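The sequence lines fix the lettering, A, B, ..., with proteins before strands; numbering per chain opens at 1. Just so we're clear, the structure is a prediction, and the values are computed from it rather than from any experiment.
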Amino acid sequence: MNMTRDRVQSLAWALIISVSFALLLALTFRVNAVKSQVRLLDRRIVALKQEKSLLETEFQTRANQQQLAALNDVDFGFKAPSAAQYIEGEQQLASLSKPVAPDAPAPILMASAETQVGAKPAAGTLPAVLSTVAEKSLTLAPATRMLAQHGEKVAPVAQGKLEQKLALTDTSATAPHKPALAVARPAKPVGTASGSDRLARAVGTVAPVRAHDAPPVHGTPALAAATLHVRSAPAAASGDFLAAATGNDRLRTTVSTAARAATHTGAAAPALAAAKPALKPAKQPQTVADAFGGDWQRQMSSGVKPARDSASAAKPKPGHKRVAIEDTVGTTSQ
Amino acid sequence: MTAVAAPATIATGRRQLVNVRERSLLTAKWRAVWVLAIFALIALGAIARIAWLGTFAAKGGDLSLDATLLPRRGDIVDRNGVPLARQIEAYSLWYNPKAMGGGSPLTKPPRVVAEALAQVFPDLNVEEVTRLLASGKPGYIRKEILPEEANRVTQIGEPALEAPRLTERYYPQGSMAAHVLGFVTSDGRGQVGMEQVLNDKLLSPEGRAQASVLSIDARVQGALEDELSRGISLSDARGGAGIVLDVDTGEVLALCSLPSFDPNAVTPLDVKLPPDQEALGEMPRTFNRATNQVYELGSTFKPITVASALDAGTITNLGRRFPASPLHIGKFTIHDDENFGPSLNVAEALIHSSNIVTSQIAAELGGDRLKATMEQLGFNARSPIELPARGFPIWHSGEWPVLTTMTVSFGHGISVTPMHLASAYAALVNGGVWRPATLRRLSPGEVPAGVQVFKPESSARIRQLLRMIVVYGTGRSANAPGFRVGGKTGTAEIAGPHGGRYDKSAVVATFASAFPMDHPRYVVLAMLDRPQKTQATSYQRTAAWNAAPVVGRVVPRIGPMLGVMPDETRDIDISDLVPLIPGRVGGE
């Protein structure tokens with residue numbers, strides 16, 4: 001009996017050891033398999049990161065300062081805004097406004113909603129801008145957001161050429177606590193479209209963004225929203241032009257990064273124009289001037305129902321405030 | 001008998017059993033000892049392993065993901081993180097005749113393959129490539145090809161044409177800031193610029209893991225190069241140099257020397273010219289005119305002389321008038337380019353750039369004091385900037401006689417680099433503190449205290465005078481509206497080789513400036529080497545017509561980038577000095 005018990009015990013131990021060993025082996029194999037997978041993934045990550053680095057370098061090369069400067073010289077001709085195009089403070093900006101004519105439509109108001117009382121927008125992000133025309137929030141392009149995060153001057157780009165922009169800047173370096181507004185115009189008429197092609201429908205205002213919302217770049221935070229005149233675009237979109245000029249189709253989809261590169265050149269506008277194809281398509285630009293055919297004040301005061309451009313205006317809903325920010329970001333055709 | 005035998009057997013059996021039991025116990029004990037010993041050994045091994053891992057294994061993580069991704073040479077970026085130099089794995093085109101195993105290395109005739117390659121690379125030498133393909137020897141057909149070119153080569157369908165990757169140094173911005181960056185030789189050594197200065201750091205694990213940050217701002221650098229290049233073209237100059245310097249820190253935001261070179265494709269001629277061209281005074285493209293070449297920078301020295309005189313108290317009244325008739329010192333005569341009348345006050349002397357009056361101011365000041373000022377500005381030593389190419393000034397040691405004092409006062413008889421002058425102008429306008437120029441980005445705590453060369457009051461006066469030169473004097477074409485530029489032109493004839501005579505047709509035109517003068521932030525210097533009289537410069541050769549306009553175009557481009565917005569409602573107060581300029585116009 002004793003012998004039998006001993007044998008049983010021995011067999012049990014042997015069985016336990018065998019099972020444990022088998023489990024150990026299985027576990028070891030499993031661990032090694034996972035390790036192999038991790039190694040393969042590591043290699044893949046390395047390869048992809050190297051590929052990404054190469055593509056970044058390629059893009060930086062194609063969008064380098066000399067390329068963009070040459071592009072600007074040949075096609076756009078933009079230059080830095082002059083002193084007269086800057087507005088010093090809100091008072092000077094307000095002095096540019098005209099008195100409201102009799103029977104004029106309700107003043108244009110802008111609204112913003114905060115999700116929490118007292119909550120501030122996250123650092124590096126722009127507050128949501130609602131377009132009552134498009135009836136949805138304006139989608140800023142990645143490049144614009146990127147610029148905002150870097151505290152750079154941001155100028156949304158309309159279809160065609162940048163006619164005018166309002167830049168809300170912080171000149172704390174030279175005038176502490178005194179924000180300045182910049183009105184930038186192109187140095188010279190450029191492009192192929194004639195003046196009659198222009199659809200001067202912009203009555204814009206500054207986007208509700210604050211310069212201090214974005215982290216400054218060596219003390220010079222600047223954010224800009226744009227009031228843009230829209231005009232017919234050349235046959236080739238700017239992104240296509242850039243792609244054609246550089247021979248790289250990849251630019252068609254990655255031009256948004258060009259905007260950031262261009263801000264380092266002093267010729268931001270061409271690159272922002274180049275960034276256009278990357279922006280999200282949206283509805284047609286809508287402003288008061290759009291809706292009432294340009295000379296809306298005269299028409300309203302004379303009691304004549306304003307003519308509507310069927311291609312441009314959408315009737316605002318009653319009680320729905322207009323937002324005078326053109327949804328020009330992402331307009332793809334005109 | 002039987003009864004006696006049985007107990008004996010039993011006793012013997014018991015003894016045997018006792019012995020067996022003892023042996024078994026002994027065996028069991030030994031076995032236990034062995035097991036314990038084995039476990040002790042294992043435990044010791046484990047402890048030793050743990051100790052080894054804790055002591056040595058921490059350094060052995062070379063196979064980690066981060067280590068694999070580390071470039072062989074660290075990146076260089078500008079102050080905003082824009083890559084200026086980086087390491088890439090570029091494609092190359094390699095001919096491997098053994099790719100097919102045995103037999104013919106190509107599926108098509110070499111000539112056909114070479115022509116197919118010429119479709120991809122239009123500048124390919126078909127004959128040469130045909131010979132290479134026919135030779136059956138391996139070799140590079142191209143060392144740098146684009147990814148799409150590699151794809152097109154693959155589409156040719158020749159396994160012998162391979163596109164391996166080579167690690168190489170690459171400069172995404174091309175020739176921009178080439179003299180600041182330098183280049184890397186085929187054996188991996190940095191040359192000329194910060195590649196040479198930072199060579200060891202860039203190869204160290206720390207330098208590879210973290211990019212080296214320069215003080216350069218790529219946007220400012222690009223604008224400066226653009227405008228300087230334009231100025232060189234318009235004036236048909238041989239070359240030029242430009243500097244943008246932070247007056248409060250000494251950081252160089254842009255530094256260029258033109259003509260430049262492409263660090264991605266350095267040729268032997270970029271490094272050394274043939275003797276016949278060197279004899280003509282030509283310089284290779286890698287030569288840095290901004291920090292390596294010393295020039296007599298002419299009238300740009302006059303504000304330094306006046307500031308020194310204000311400091312010393314030899315000038316207490318800027319309205320004091322000095323005779324403006326030519327000065328005869330021994331056999332030399334000091335004269336002005338124009339006759340500005342019988343006398344000039346100090347403000348007029350700077351606005352009209354009078355050598356005669358400046359010489360008299362310097363003579364009153366004395367050689368010792370002027371020399372001491374120049375020494376404090378570092379004009380007797382190489383510029384402290386990190387670049388390896390730093391020229392040594394041509395400097396008079398010992399006591400300065402009157403004539404030397406006079407000529408130095410208006411920038412002759414002393415040769416310094418444009419970098420020296422930019423640092424001196426920073427001290428002139430920032431309250432009088434000279435700080436060493438640097439190409440490293442400085443955090444606020446790293447800014448050197450500097451040397452107080454001028455009194456703050458003198459610096460304030462000089463700011464007014466420099467602004468007046470731009471508003472009323474020779475620097476008017478640099479007066480970018482709203483940017484409150486102040487500066488001084490300088491046009492100096494170049495002495496012939498080996499101490500030859502001055503050549504009136506060969507000049508160095510310089511405009512040294514700062515902006516905004518109500519609170520100077522940046523020095524901008526533009527220098528043109530041997531500008532010519534062209535239609536674009538109204539057939540003038542002086543700095544007012546070629547160098548000053550460069551600054552006038554650079555400042556509006558870089559000002560907003562650097563946080564200086566144009567404002568025509570703001571300016572430095574020069575109302576107390578304006579009455580000193582009756583006509584308020586002048587020429588160089």
**Request:** Please answer whether the main-chain N or O of B/Arg219 pairs with a side-chain N or O of A/Gln65 as donor and acceptor at a distance below 3.5 Å.
**Result:** no
**Asked** By a 4.5 Å heavy-atom criterion (distance strictly below it), what part of B/Leu146 contacts chain A: side chain, backbone, both, or neither?
**Response** side chain
**Item:** Within-4.5 Å side-chain heavy-atom neighbours: B/Asp567 and A/Tyr86
**Value:** no
**Message:** Please determine whether side chain to side chain contact (heavy atoms under 4.5 Å, CB included) holds for the pair B/Arg165 and A/Leu54, giving the CA-CA distance in whole Å, both sets of side-chain angles, and the decisive distance to 0.1 Å.
**Reply:** CA-CA 11 Å; B/Arg165 286 188 158 189; A/Leu54 191 70; 3.4 Å; yes
**Request:** Search all heavy atoms of A/Ala84 against all heavy atoms of B/Glu568 and return the closest pair with its distance.
**Result:** N-OE1, 4.3 Å
**Message:** As a quick check of understanding, evaluate side chain to side chain contact (heavy atoms under 4.5 Å, CB included) for A/Glu56 and B/Arg86, giving each step before the final call.
**Reply:** CA-CA 11 Å; A/Glu56 277 176 1; B/Arg86 65 191 312 181; 3.8 Å; yes
**Asked** Is the closest side-chain heavy-atom distance between B/Glu148 and A/Glu58 below 4.5 Å?
**Response** yes
**Asked** Does CD belonging to A/Gln91 count more than 12 external heavy atoms closer than 6.0 Å?
**Response** no
**Asked** Between B/Tyr171 and A/Thr61, is any side-chain donor less than 3.5 angstrom from a side-chain acceptor?
**Response** no
**Asked** Picking from B/Gly174, B/Ala90, B/Ser175, which has the most non-hydrogen pairs under 4.5 angstrom with chain A?
**Response** B/Ser175
**Prompt:** Roughly how far apart are B/Gln87 CD and A/Gln50 CD, rounded to 0.5 Å?
**Reply:** 11.5 Å
**Asked** Given side chains that start at C-beta, do those of B/Pro172 and A/Thr57 come closer than 4.5 Å, heavy atoms only?
**Response** yes
**Request:** Return the minimal non-hydrogen interatomic distance between B/Pro556 and A/Ala80, and the atom names on each side.
**Result:** O-CB, 3.2 Å
**Prompt:** Out of curiosity, B/Phe483 CZ to A/Ser82 OG, how far, rounded to the nearest 0.5 Å?
**Reply:** 9.0 Å
**Asked** Is it the case that B/Asp226 and A/Gln66 place a side-chain donor and acceptor less than 3.5 Å from each other?
**Response** no
**Item:** Atom of B/Gly482, atom of A/Ala83 and distance for their closest heavy-atom approach
**Value:** CA-CB, 4.1 Å
**Item:** Enclosure of A/Gln92 CD (heavy-atom neighbours >12, cutoff 6.0 Å)
**Value:** yes
**Prompt:** Where on B/Glu225 is there a heavy atom nearer than 4.5 Å to chain A: the side chain, the backbone, both, or neither?
**Reply:** side chain
**Request:** Could you please spell out the steps behind the salt bridge (Lys or Arg N to Asp or Glu O under 4.0 Å) verdict for A/Lys49 and B/Glu89?
**Result:** CA-CA 11 Å; A/Lys49 286 199 172 183; B/Glu89 301 260 323; over 6 Å; no
**Request:** Return the option, out of B/Gln173, B/Met176, B/Arg553, with the maximum number of heavy-atom pairs under 4.5 Å with chain A.
**Result:** B/Gln173
